[in-house]
There are 2 protein chains.
Amino acid sequence: MSTDKNVINISNIRIACKDCSLFQLCLPIGVGEADLELLDRIIKHRRPFRRGEHLFRIGDPFQAIYAVRAGSLKTYAMTEDGHEQVIGFHLPGELVGLDAINGECHPCAAKALETTSVCEIPFDRLEELADHMPTLQRQLLRILSKEILQDHNLLMLLGKKSADERLAAFLVSLSARFKRRGFSSREFYLSMSRNDIGNYLGLAVETVSRLFTRFQEEGLVTVQRKHILLRDIDELSLRAGVSGPMASSKSVNGV
Amino acid sequence: MSTDKNVINISNIRIACKDCSLFQLCLPIGVGEADLELLDRIIKHRRPFRRGEHLFRIGDPFQAIYAVRAGSLKTYAMTEDGHEQVIGFHLPGELVGLDAINGECHPCAAKALETTSVCEIPFDRLEELADHMPTLQRQLLRILSKEILQDHNLLMLLGKKSADERLAAFLVSLSARFKRRGFSSREFYLSMSRNDIGNYLGLAVETVSRLFTRFQEEGLVTVQRKHILLRDIDELSLRAGVSGPMASSKSVNGV
DNA sequence: CGAATCCTTGAACACCTTCAACAGGGGTGG
DNA sequence: CCACCCCTGTTGAAGGTGTTCAAGGATTCG
């Protein structure tokens, strides 16, 4: 009932990068079709991962980065005492594995949250390609830089914001990302568990649950298990930013 | 008493990268001297920044990345409500401004914590250079990747750790970084204020202060204002990792 | 020396966590 | 198809950790 190769072969259908609806999200190098052609040639399409399967685990040798094509996944690291720390959630068009470029092994694991298909981009091939393609080179740097920027935003979230603000920011962020991908920004499914959300936001599961309930009571959202409807995105955005007792004067060293 | 050009010109002395004690820390491209020579040619040495001066501010146009040569600085962003969020502290041999590569402007500011001299590396020149130097290209990617990795570690710290663990981790991290640079790993000066530390670690100033006191009472450190002596690095490392009530079972979804 | 800033210490409070119990799916096997 | 179980998610009450508010000391610099 679950032999690997036979069940779903649809995924092996070759989809060229230039035909991919996400091509401007993952590695939008110069508009040149020739470049895309070359890039396309090194990309491997693998069968979809089922919920719970790993793309790679912590310590796996680093060989490729991955672009999510459909579905979603989470990346997580381990604390010294063996507990998970969710680093991020990845939607279609986003790259995974960038934190491994520096080393030999993956410092974090990537696990499918639902049935998920990805493009595998062997990194040595990508580097070779980039050697002769300055635009790709520069694009890569920009992508990594963007990742750093996103991490900094998350740092601000974890460092300063209250529980409400964190969940609001999380929902607003997801909303914006879905929108960019052509999905609804008001209505979507959370593929991750409450546990994962809490872990990611630095909150207890119970807190997340209570917040969802409260947000619903306040008319901000409608939650039905994993189904989310944002009823007041503006108010959510507001909450994600200001308010709360944490918004005090810290390190205001002035000009 | 503070005209710019006249007071300290020592800093304008040309120090070639190959003679710099930090060259293996900041951009250690292939061992080739020729490469270093080329790199060296595009680097600008500017007069040292005094405590409180900015290398760049939020929103400044992005033109260069910087390598700290001596001294130290902090980078910080602004939350929506106008408060500072310290992103990181930067010691000699570390690069600053990498999160701006993706955009036109600096998303965070960099401010000297003490008298600090840096190498300014114009980014367009660096990219041009990299176009014809694959090793430099790859090195850049690795450096950015490493930055991402460090941010992920910080995320784990802010997401999961108690106040004790945070401060312990902070001290141990500083210790290791000083060691790499040839300074003492047991004894050093904190160039940043308690305020900055608290801000960085997501704690109130008062908490940081209390923790320093407690660590001292427990014989882990000796603190005298900004002067730090680590008396028991092993125990500190231990605290940085495990212990505390936060070390509970979260998101243990198993294999 | 005085002002300003940074650091420290104390006490009360608030937020979130922890512990505990229960409800609601979703799957399996009878 | 229903019963059962397991897991995820929810809700309640108590407790703790860190914050906030407040005041006093230390240090720096004009």
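Reminder, nothing fancy here: chain letters follow the sequence lines and each chain counts from 1. As a basis for the values below, the full set of heavy atoms in this structure was taken, side chains included, without hydrogen atoms, waters or symmetry mates.
No donor-acceptor pair closer than 3.5 Å links the side chain of A:R239 to the backbone N or O of A:A168.
When the side-chain nitrogen and oxygen atoms of A:T207 are compared with OP1 and OP2 of C:dC15, none of them lie within a distance under 4.0 Å. The phosphate of D:dG9 has OP1 or OP2 within less than 4.0 Å of a side-chain N or O from A:K226. In this model, the phosphate group of D:dT10 is approached by a side-chain N or O of A:R194 to a distance below 4.0 Å at OP1 or OP2.
One interatomic measurement links the two molecules: CD of B:E206 to C1' of C:dA12, which rounds to 14 Å at whole-angstrom precision. Distance A:M192 CE to D:dT8 C1': 15 Å, rounded to the nearest Å. The distance from atom CG of A:L190 to atom P of D:dG9 is 10 Å, rounded to the nearest whole Å. If you take NZ of A:K160 and P of D:dT20, they are 10 Å apart, rounded to a whole angstrom. Separating the CD atom of A:Q224 from the C1' atom of D:dT10 is a distance of 14 Å, rounded to the nearest angstrom. Protein atom CG of B:L203 is 15 Å distant from nucleotide atom C1' of C:dC15, rounded to whole Å. Atom-to-atom, CZ of B:R210 to C1' of D:dT20 comes out at 10 Å; the value is rounded to the nearest Å. Look at CG on A:L113: it is 13 Å from P on D:dT8, rounded to the nearest Å.
Distances from the side chain of A:S209 to the nucleotides D:dG9, C:dT8, C:dT9 place D:dG9 closest.
Between A:F188 and A:F183, the distance from one ring center to the other does not fall under 6.0 angstrom.
Under the 4.0 Å criterion applied to side-chain N and carboxylate O atoms, A:R47 and A:E53 are assigned as salt-bridge partners. Taking the charged nitrogens against the carboxylate oxygens, A:R181 and A:E94 do have a contact shorter than 4.0 Å, which makes a salt bridge.
Residue B:R166 places no side-chain atom within donor-acceptor reach of the base of D:dG18, judged by atom type and a 3.5 Å distance cut-off alone.
Comparing A:D164 and A:R225 by the nucleotide of DNA chain C that holds the closest heavy atom to each, the one mapping nearer the 5' end is A:D164.
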